[in-house]
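Written out below as structure tokens is the structure these notes cover.
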Amino acid sequence: MQAVQKLMKVFITRRIPPEGAKLLSQAGVYEVAQWDSDEPVPRAELLKGVEGAHGILCLLSDKIDAELLDAAGPNLKVISTLSVGFDHMAMDEIKKRGGWSSWKPLWLCGYGLSGSTVGVVGLGRIGLAIAKRLKAFGVKRTLYSGRTAKAYAGEVGGEFVPLDTLVAESDFVVVSCSLTPDTKGMCDQAFFNKMKKTAVFVNSSRGTVVNQEDLYQALSTGQIAAAGLDVTTPEPLPTDHPLLTLKNCVVLPHIGSATYSTRGVMAELSAQNLLGGLQGTDMPSELTF
């Protein structure tokens with residue numbers, strides 16, 4: 001059973017031509033309130049009418065100032081004026097309440113890959129593919145950890161180091177290992193405490209490799225700079241999960257392989273494995289354990 005969607009409130013400050021009113025009513029997702037008169041709405045009624053509004057449709061005679069914006073509250077997303085002029089609107093106040101004010105030198109800045117140290121936890125087939133792609137962005141050092149050193153690590157200039165060294169020295173920690181009893185919950189408070197405060201954590205392996213409560217604490221307290229997750233526990237995360245409230249955490253719905261060609265190859269491979277098992281022939285991607 002789907003939850004009933006709460007309607008967004010719209011306040012119209014005067015009677016307007018029916019063409020506009022019809023559009024709003026037909027949209028069906030708005031609770032429309034209106035000052036039902038051809039005369040300007042009294043100030044007290046205007047302040048009362050905009051309370052909790054998501055949108056306001058006003059006229060030139062309506063003073064849109066700080067007092068009105070405060071009365072409307074944090075739900076307000078848009079103000080539309082039935083006029084070409086906008087001198088009745090306090091634009092400086094409106095800018096303060098949201099949206100872009102002006103370009104700033106450090107606006108939306110993050111940490112770049114050029115000249116950085118990237119640590120790949122698990123330099124298997126996927127980890128190697130990630131490292132190869134990152135080299136094009138000017139990565140200075142590529143560290144990797146795992147059970148054993150890999151002969152093919154030379155393709156990316158990979159340095160085999162203990163996990164603690166990788167975590168402490170990397171600007172970007174990329175987890176691409178398999179889920180095993182040893183790696184389950186591996187990325188915990190102790191793990192994050194060893195990372196640089198400017199480091200970015202990326203997980204494309206399995207959600208249960210990470211203790212998500214510890215990750216939330218590390219992100220919310222500034223222990224690490226940011227995180228990018230393609231996998232979580234559960235999938236998808238509930239919409240009220242704490243990680244989704246953070247501005248420094250980007251969560252994707254497990255789409256690392258989401259291209260038509262890749263999913264097609266996966267389907268072919270799984271079918272070939274199935275046929276090999278049924279027919280007693282080689283399975284192209286057999287799991288041995």
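Everything quoted here is computed from the prediction, not taken from an experiment.
- Chaining together hydrophobic side chains whose heavy atoms lie under 4.5 Å apart places Leu278 alongside Leu274.
- Applying the 6.0 Å contact sphere to NZ of Lys77 captures no more than 12 heavy atoms from other residues, nucleotides or ligands.
- Residues meeting the side-chain hydrogen bond (donor to acceptor under 3.5 Å, both in side chains) test with Arg133, sequence neighbours left out: none.
- Ion pairing of Arg141 with Asp171 is absent here, as no side-chain N (NZ or NE/NH1/NH2) approaches a carboxylate O to less than 4.0 Å.
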| task | Tell me, with the steps shown, if Ser25 and Val32 meet side-chain contact (heavy atoms from CB on, under 4.5 Å). | result | CA-CA 8 Å; Ser25 63; Val32 180; 5.9 Å; no
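- Phe11 meets the ring pair (Phe, Tyr, Trp, His ring centres under 6.0 Å) test with no other residue; sequence neighbours excluded.
- Residues meeting the side-chain hydrogen bond (donor to acceptor under 3.5 Å, both in side chains) test with His254, sequence neighbours left out: Glu235.
- Grouping Ile, Leu, Val, Met, Phe, Trp and Tyr residues whose side-chain heavy atoms lie under 4.5 Å apart, directly or via other members, places Val139 in a hydrophobic cluster with Tyr111, Leu113, Val118, Val120, Leu123, Ile126, Leu128, Ile130, Leu134, Phe137, Tyr144, Tyr152, Val156, Phe160, Phe172, Val174, Val200, Val202.
- A salt bridge is absent between Lys48 and Glu45: the closest approach of a Lys/Arg side-chain nitrogen to an acidic carboxylate oxygen does not fall below 4.0 angstrom.
- Side-chain atoms of Lys150 and Thr148, non-hydrogen and from C-beta on, do get closer than 4.5 Å to each other.
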Quiz prompt | Stepwise side-chain contact (heavy atoms from CB on, under 4.5 Å) test for Val210 and Val231 | solution = CA-CA 10 Å; Val210 178; Val231 288; over 6 Å; no
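- In this structure, the side-chain contact (heavy atoms from CB on, under 4.5 Å) partners of Pro234, at least two apart in sequence or on a different chain, are Leu237, Pro238.
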Q. Stepwise, does the salt bridge (Lys or Arg N to Asp or Glu O under 4.0 Å) test hold for Arg15 with Asp36?
A. CA-CA 6 Å; Arg15 288 178 189 156; Asp36 192 19; 2.9 Å; yes
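- Under 3.5 Å, the side chains of Thr180 and Ser178 contain no donor-acceptor pair of N or O atoms.
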